[in-house]
Amino acid sequence: MSKEKNDGNISATDMKHFEQLASELKIAKASSAVAKVGIGDLCKQYHTIEPILKKVLPFIRLIPKIGKTAAEAIEFLMSIASIACPVA
């Protein structure tokens with residue numbers, strides 16, 4: 001993550017935690033491989049990223065103008081995924 005200036009809305013500690021989480025995230029290429037993944041694989045992937053999403057949501061909420069709506073949309077999608085993929 002680049003070393004951009006903090007605008008003062010996020011504490012230094014929160015920014016450090018956010019940068020740590022961002023470094024842990026691995027962004028996968030969107031490809032046709034997604035179509036080949038079964039529901040079991042999707043659920044396994046969801047349960048892998050669910051804790052990360054929960055940690056990132058407070059930071060998404062801080063994004064001006066769209067943060068609250070984006071966080072609510074992600075929470076809604078997570079609730080659907082949690083219903084579709086209950087913990088075994």
Hphob cluster co-occupancy, Ile66 + Ile74, side-chain heavy atoms under 4.5 angstrom: yes

Within one Ile-Leu-Val-Met-Phe-Trp-Tyr cluster: Met78 and Ile63, side-chain cutoff 4.5 Å: yes

Sequence neighbours excluded - side-chain hydrogen bond (donor to acceptor under 3.5 Å, both in side chains) pairs with any residue from residues 70-86: Tyr46-Ser82, Arg61-Glu75

Non-hydrogen atoms of Ala84 and Cys43 that approach each other most closely: O-SG, 4.1 Å

Heavy-atom closest contact (Ile60 atom, Ala71 atom, distance): CG2-N, 3.9 Å

Set of salt bridge (Lys or Arg N to Asp or Glu O under 4.0 Å) partners for Lys16, sequence neighbours left out: none

Partners meeting side-chain contact (heavy atoms from CB on, under 4.5 Å) with Ile49 (sequence neighbours left out): Leu53

